[in-house]
Each structure stands twice: as structure tokens, then as C-alpha cells.
Amino acid sequence: QVQLLESGGGLVQAGGSLRLSCAASGRTFSRYAMGWFRQAPGKEREFVALISWTSGYRYYADSVKGRFTISRDNAKNTMYLQMNSLNPADTAVYYCAVGDRAAPIKSEYNYWGQGTQVTVSS
């Protein structure tokens, strides 16, 4: 079992920045791919970014490419999402997830956090 806890969400004005964290506990963290997804009200949960367990492969949704940066520190069992140039369309609950394969597909992830709310005001 892997337990995930997100933090760092909040309210920010358009153009601002936030840094999300995802702390993992349980099984060996470093062997898993990890990802960030988000879900806005009334919408499906969508892929945001992923990172392989070695950090050698990172992949982003087109909507966040160039603005968001995913990283991880296996020694601290923590993954991060640095979000810059935020806009109201980024408003959502952000979830971190762990899976065996680095893929932008929800079904590839076995463990999920409870989510952290990000709200961007215009």
C-alpha cells in the first residue's frame, strides 16, 4: 500500500504561482512513476503531468506545458508540481497518483491522494 497526501493548494490571482507537494508513505516510493491529475467542477479528471521513477522522463499536458514543472525527491518520498502563470482555467482539485508505468492515463495509476484545491481568481 502507498498513502499519498497532497498539500500546497490555495487561492491565487491570475498570473501567480503555487507549488504543490505530494508526500508518499508505505511501499518503496522510488520504484513508481508518479503523476498529477486535476478535476474541475462538472468535468472529468484530466492528466496534468507525470514523471518516471528516475526523473529521466517527464511529460505534460499541452495546456500546462511551459508553465508547470514536475519534479520528485525520492530521498524525501515527495513529488512536486511548480505551477507558474496560473489562469482561471487551472482552477481544480489537484490529485497526485502513483503507478507502475509512466503514462498519461488514469487507469495506469493504482494509488491516489485525496486532492488539494487550487483556485485562480481573475
Side-chain angles (χ1 to χ4, degrees):
Q1 288 286 343
V2 175
Q3 292 79 44
L4 303 171
L5 181 63
E6 302 96 336
S7 62
L11 174 63
V12 63
Q13 288 188 329
S17 299
L18 282 174
R19 188 193 195 203
L20 304 184
S21 298
C22 173
S25 60
R27 296 176 65 182
T28 305
F29 171 83
S30 61
R31 299 300 181 98
Y32 290 98
M34 297 194 74
W36 287 99
F37 290 77
R38 66 186 181 185
Q39 187 166 17
K43 294 189 176 182
E44 296 275 332
R45 190 172 300 188
E46 66 175 7
F47 167 76
V48 175
L50 63 83
I51 187 167
S52 65
W53 72 275
T54 64
S55 299
Y57 176 66
R58 309 179 197 207
Y59 183 73
Y60 299 90
D62 287 342
S63 58
V64 307
K65 202 172 296 182
R67 300 188 298 123
F68 290 11
T69 301
I70 190 171
S71 62
R72 66 190 289 172
D73 184 338
N74 288 343
K76 295 182 178 180
N77 288 349
T78 304
M79 176 179 66
Y80 306 96
L81 186 68
Q82 178 66 44
M83 305 187 295
N84 299 328
S85 302
L86 285 161
N87 60 67
D90 295 316
T91 295
V93 177
Y94 283 70
Y95 299 89
C96 66
V98 165
D100 294 319
R101 195 166 72 94
I105 305 169
K106 293 191 298 286
S107 59
E108 292 291 339
Y109 294 83
N110 309 111
Y111 303 100
W112 294 83
Q114 294 298 305
T116 185
Q117 176 71 47
V118 171
T119 303
V120 184
S121 62
S122 57

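Among all heavy-atom pairs drawn from Y60 and T69, the shortest one is OH-CA, 3.4 Å. Across Q82 and S17, no two heavy atoms sit closer than the pair NE2-CB, 3.9 Å. Smallest separation of non-hydrogen atoms from L20 and V118: CD2-CG2, 4.0 Å. S121 approaches P88 most closely through the heavy-atom pair C-CG, 4.4 Å. Scanning both residues, R58 and I70, for their nearest heavy atoms gives NH1-O, 2.6 Å. Of all heavy-atom pairs spanning A24 and V2, the tightest one is CB-CG1, 4.4 Å.
Side-chain atoms of T91 come within 3.5 Å of backbone N or O of V120 as a donor-acceptor pair. One N or O on the side chain of E6 and one on the backbone of C96 form a donor-acceptor pair closer than 3.5 Å.
Connection of V93 to L81 is not established within any shared hydrophobic cluster, with ILVMFWY side chains joined at heavy-atom distances below 4.5 Å, either directly or through further cluster members.
Note on residues 62-95: no pairs pass ring pair (Phe, Tyr, Trp, His ring centres under 6.0 Å), not counting sequence neighbours. Sequence neighbours left out, the pairs with a member in residues 102-122 that pass salt bridge (Lys or Arg N to Asp or Glu O under 4.0 Å) are R101-E108. Annotation: ring pair (Phe, Tyr, Trp, His ring centres under 6.0 Å) contacts involving residues 96-122, sequence neighbours excluded, comprise F37-Y109, F37-W112.
With sequence neighbours left out, R67 forms a salt bridge (Lys or Arg N to Asp or Glu O under 4.0 Å) with D90. Residues forming a side chain to side chain donor-acceptor pair (under 3.5 Å) with R19 (at least two apart in sequence, or on another chain): none.
Heavy atoms of other residues, nucleotides or ligands lying less than 6.0 angstrom from CD of Q114 number 12 at most.
Residue S52 holds its OG atom at 7.0 Å from CZ of R72, rounded to the nearest 0.5 Å. Taking CG of N77 as the start and CD of Q3 as the end, the distance is 11.5 Å to the nearest 0.5 Å.
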Return a table of donor-acceptor pairs under 3.5 angstrom between the side chains of residues 41-51 and protein atoms on other chains or two or more places apart.
residue, atom, partner, partner atom, Å
R45, NE, Q39, OE1, 3.4
E46, OE2, R38, NE, 2.7
E46, OE2, R38, NH2, 3.2

